[in-house]
**Student:** 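This structure is in C-alpha cells; I'll ask about it shortly.
Quick caveat: nothing in here was measured; it's all calculated off a predicted structure. Reminder, nothing fancy here: chain letters follow the sequence lines and each chain counts from 1.
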There are 2 protein chains.
Amino acid sequence: MATTQLEPVQEPKYWHLKTVLQEALDSEFSVGEILPNERDLAARFGVARATLRQALEQLELEGRLQRRRGVGTTVAPPRMGIAVGTTGASEGAWPGSGSESWRTVGCAEAVPPAAVAAVLGTGTDELVHTVRRVRMMQGQSVATELIFVPSGSVPALPALLTPAAHAPAVLRELHAMALESEDRAVELGSARAEDAKQLDRLPGAPVLVVTTRYRTGQGVAAVSVATYRADTCRLTFGETGTVQISHHEQEERREAS
Amino acid sequence: MATTQLEPVQEPKYWHLKTVLQEALDSEFSVGEILPNERDLAARFGVARATLRQALEQLELEGRLQRRRGVGTTVAPPRMGIAVGTTGASEGAWPGSGSESWRTVGCAEAVPPAAVAAVLGTGTDELVHTVRRVRMMQGQSVATELIFVPSGSVPALPALLTPAAHAPAVLRELHAMALESEDRAVELGSARAEDAKQLDRLPGAPVLVVTTRYRTGQGVAAVSVATYRADTCRLTFGETGTVQISHHEQEERREAS
DNA sequence: GAGTGGTCTAGACCACCAG
DNA sequence: TGGTGGTCTAGACCACTCA
C-alpha cells in the first residue's frame, strides 16, 4: 500500500478513502494480516484520524476489517454462512432440536418485554420461562438468544427444578409438542451491553436481530429473539444452506442501464 | 425534554446520551415530531456536537430517528414489516410473480460480478440479462434489486427487444419454468452510490442485502441481489407475514439469570 | 510501559432545503 | 438567505493488551 495521495474530488474524503483501502485489501493484504495503526494510516493519506476512522468503520461494518482495542486492525476472513430456520427438515423445528451448536447459559422465570408478552398472549406481569443461549461457530460466539416460553405451553413441567435442569426440561417439553409453523423477522439492531459482552464486541455494535414465532395448534407456544454479530455473520435460509456469494465480492458489479 | 445534566458515569457519554434520548423519545415525542437541532441538543446536554451525533447515529441505525440534511431530525415511525421469500405459496415463487409492488427501472445485458457468475455457472465474461427493480412500500422506495438471468435459462427469449419490452419478456420466460427451490442469505452491507440514490439515502447507509438463488431441475436459473433500507425495514419470512415485535420496543427487557 | 483503538472536544466549512 | 445536517480538522485523554 503506497503513500497514496488523494486526488482532489468532490466526493467525501472518507468515502474515497474507503474505496482506496478496499482495493488495497483485495490486492495487497491477506486474511489475518495486521494493518498499520490509525495514526500512521491517517498521516500516510494526509487526513485527520477521525476521517480515517470513518472509512475504517464502514469497512468493519461490511465485514472486511476487524478492530480490537489494544491490539490493532486486521483483515477479516469472509463472513460465515450461518443457517437460520429450516435447518434440516422441511417444516421448521423447535429450538434446541437441530444440529446447531448452542450452549445454554441460563434459565429463569421472568417478565418478558411488553412486545413479547403481546405476541405470546400473556399478561403484562406474567412470568415466563426464559432460556438464554449462545451460539458457537468455529470457536467463536456468533449469537445470543432468549427463548420465551409461557408456563401454559409446558404444563407438564415439574414444579421444582435445579437451575441446571431448568433449561433442558423446558426445551424437552417443547419438543414433545407438534410444531405447526414458525415465522421469522430479521432487522438491524445494536448490541445491548450484556449481548455485546458475550459476543466479544463493544456495546452498540451492529447486530442482526432474528425474531421467531413458534406456533402450535393452540397458538404461539414460544418466541425467540436471537442476536447475531452483523460483522461476521451472513444468515442463510432454506435448503442445504450456503449461498456462496459474499457481499463484499460484488464491488465491481456493472451497472444495469 | 428537560435540560438534563448527565451525571458522571464510567459509561461512554454517547451511550448514556443515547439511553436518555431513547427514553425521551418513548415518553415525550410522537412520530414525525421534529427534534431540536444538533447544536442546541449538544449544548443542552453539555457535550460536543460530535458526541451528540454519535448517539443520534445509533438511534437512526435502530430506526428510531430519521435525519435529513437541510431539514432536521424527526422521530421515525416503527419499521415496516416487509415480506421476503415465500410470499403466498408454500414453496417460493419467481421474482415478479407475487403481489409485492416492484417497479422495473431498467434491463440490460451485462457481465455480472464474479461471485454471481460463479453461482450461475456462467463464464467470467459471459453476458447475462440483468433486470433492475425498485420495491415500493407506502409510497417510499425501500429496496433495489438486480436479477441476473443467464441466456441459457431463457432460451425462448426473442432476440430483438425494445428496452421497454426486455425486462417483462425475461421475467415472463422465467415464470414459464418449474421453480424447484430457492434459498436466501441476509447480511449487512452499506449502500453503494447508485442504490443510495434510489433509496433516498446517503452513500454508505446501512442496508440489508438479500441474496436469492432460484433453482430448477437444470440448476441455478437465476440469482437476485436485493438491497433493503436497514433503518426502515424489518424483513419477514414465512407464513402470513407480520411478526409483531419491533426490536426497539424491547428496551426494558429483563435479564435472564 | 509502550502502543493500540475508543472517546471527546471546539472549532470550521460545505451541501442541501425551504421560506 | 438562514438554518439544517454532513464533513473535516488537530489536538487531548482514556481503556485495553501485551511484552
Side-chain angles (χ1 to χ4, degrees), chain A residues 6 8-19 21 32-61 64-76 190-191 193 196-197 200-206 231, chain B residues 6 8-19 21 32-61 64-76 190-191 193 196-197 200-206 231:
Chain A
L6 299 165
V9 283
Q10 213 47 13
E11 193 181 29
K13 277 190 189 176
Y14 77 91
W15 185 259
H16 185 232
L17 199 46
K18 178 194 156 192
T19 309
L21 289 169
E33 203 167 335
I34 306 177
L35 266 61
N37 72 53
E38 297 184 349
R39 290 161 180 89
D40 284 354
L41 273 181
R44 252 195 250 204
F45 288 104
V47 299
R49 192 177 155 218
T51 303
L52 174 81
R53 280 179 59 81
Q54 227 176 322
L56 294 183
E57 265 149 38
Q58 284 254 357
L59 290 171
E60 192 180 28
L61 193 82
R64 303 292 313 263
L65 293 179
Q66 192 162 351
R67 299 194 286 172
R68 270 175 306 170
R69 169 155 51 182
V71 179
T73 301
T74 57
V75 180
S190 52
K197 201 173 169 187
D200 191 28
R201 302 259 60 202
L202 293 176
D231 55 344
Chain B
L6 299 165
V9 283
Q10 212 48 13
E11 195 180 29
K13 278 189 188 176
Y14 78 92
W15 185 260
H16 185 233
L17 198 47
K18 178 195 155 192
T19 308
L21 288 169
E33 202 166 339
I34 306 178
L35 266 64
N37 72 52
E38 298 183 346
R39 290 161 180 87
D40 285 354
L41 273 181
R44 253 195 248 204
F45 288 106
V47 300
R49 190 177 156 221
T51 304
L52 174 81
R53 278 179 61 80
Q54 226 176 325
L56 294 183
E57 264 150 38
Q58 284 254 358
L59 291 170
E60 193 180 26
L61 193 81
R64 303 291 314 261
L65 294 179
Q66 192 161 353
R67 299 193 286 172
R68 270 175 306 171
R69 169 153 52 177
V71 180
T73 302
T74 58
V75 180
S190 52
K197 200 173 170 188
D200 192 29
R201 303 259 58 202
L202 292 175
D231 55 343

**Student:** For the residue pair B:L41 and B:L35, what are the closest heavy atoms and their distance?
**Tutor:**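 Where B:L41 meets B:L35 most closely, the heavy atoms are CD1-CD2, 4.3 Å.
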**Student:** With the side chain counted from C-beta on, respond yes when A:E11 and B:P203 share a heavy-atom pair under 4.5 Å apart, and no when they do not.
**Tutor:**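 Contact flag for A:E11/B:P203 side chains = no.
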**Student:** Do the side-chain N or O atoms of B:T73 get closer than 4.0 angstrom to the phosphate oxygens (OP1, OP2) of D:dT4?
**Tutor:**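 Result: no.
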**Student:** Please report, rounded to the nearest Å, how far the C1' atom of D:dT9 is from the CZ atom of B:R53.
**Tutor:**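 One finds 15 Å between C1' of D:dT9 and CZ of B:R53, rounded.
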**Student:** Measuring only between side-chain heavy atoms, which start at C-beta, is B:T51 closer than 4.5 Å to B:F45?
**Tutor:**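 B:T51 does not reach B:F45 side chain to side chain.
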**Student:** Whole angstroms only, please: what is the CZ-C1' distance between A:R201 and C:dG5?
**Tutor:**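 Distance check: A:R201 CZ to C:dG5 C1' gives 12 Å.
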**Student:** Is the shortest side-chain N/O distance from B:T51 to OP1 or OP2 of C:dT7 below 4.0 Å?
**Tutor:**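 No, B:T51 has no side-chain N/O under 4.0 Å of OP1/OP2 on C:dT7.
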**Student:** To the nearest angstrom, how far is B:W15 atom CH2 from C:dC8 atom C1'?
**Tutor:**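 Rounding to the nearest Å, CH2 of B:W15 and C1' of C:dC8 are 17 Å apart.
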**Student:** Can you find a side chain N or O atom of A:R67 that sits less than 4.0 Å from OP1 or OP2 on C:dT4?
**Tutor:**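 Negative; the distance criterion is not met.
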**Student:** Tell me the interatomic distance from B:L202, atom CG, to D:dG5, atom C1', rounded to whole angstroms.
**Tutor:**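 Interatomic distance, CG of B:L202 to C1' of D:dG5: 9 Å.
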**Student:** Check this for me: does any side-chain nitrogen of one of B:R201 and B:E60 sit under 4.0 Å from a carboxylate oxygen of the other?
**Tutor:**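 Yes, this pair counts.
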**Student:** Is any side-chain N or O of A:N37 closer than 4.0 Å to OP1 or OP2 of C:dT4?
**Tutor:**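 Looking at the OP1 and OP2 atoms of C:dT4, one of them is under 4.0 Å from a side-chain N or O of A:N37.
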**Student:** Pick base, sugar-phosphate or nothing for B:L56, based on heavy-atom distances below 4.0 Å to the nucleic acid.
**Tutor:**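 B:L56: no heavy atom of the nucleic acid under 4.0 Å.
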**Student:** Take atom CD of A:E38 and atom P of D:dT9, then tell me their distance rounded to the nearest Å.
**Tutor:**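 To the nearest whole Å, that distance equals 14 Å.
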**Student:** Going 5' to 3' along nucleotides 10-19 of chain D, which nucleotides have protein heavy atoms under 4.0 Å from the base (write B), which only from the sugar-phosphate (write S), and which from neither (write -)?
**Tutor:** --BB-BBB--
**Student:** What is the separation between atom CD on B:E60 and atom C1' on D:dG5, rounded to the nearest whole Å?
**Tutor:**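 Spelled out: CD on B:E60 to C1' on D:dG5 is 10 Å.
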**Student:** State which residues pass salt bridge (Lys or Arg N to Asp or Glu O under 4.0 Å) with A:R49; sequence neighbours excluded, sorted by chain then number.
**Tutor:**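 Checked A:R49 against salt bridge (Lys or Arg N to Asp or Glu O under 4.0 Å); matches are A:E38.
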**Student:** Start with the C-alpha distance between B:W15 and B:Q58, add both sets of side-chain angles, then the distance that settles side-chain contact (heavy atoms from CB on, under 4.5 Å), and finish with yes or no.
**Tutor:** CA-CA 9 Å; B:W15 185 260; B:Q58 284 254 358; 4.2 Å; yes
**Student:** State, to 0.1 Å, how close A:K18 and A:A55 come at their nearest heavy-atom pair, and which atoms those are.
**Tutor:**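 Heavy atoms of A:K18 and A:A55 come nearest at N-CB, 3.9 Å.
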**Student:** Is any side-chain N or O of A:Y14 closer than 4.0 Å to OP1 or OP2 of D:dC8?
**Tutor:**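 Looking at the OP1 and OP2 atoms of D:dC8, neither is under 4.0 Å from any side-chain N or O of A:Y14.
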**Student:** CG of B:L17 versus C1' of C:dG6: gap in Å, rounded?
**Tutor:**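 After rounding, the gap between these two atoms is 17 Å.
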**Student:** Take atom CG of B:L41 and atom P of D:dG3, then tell me their distance rounded to the nearest Å.
**Tutor:**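 My rounded result for the distance is 17 Å.
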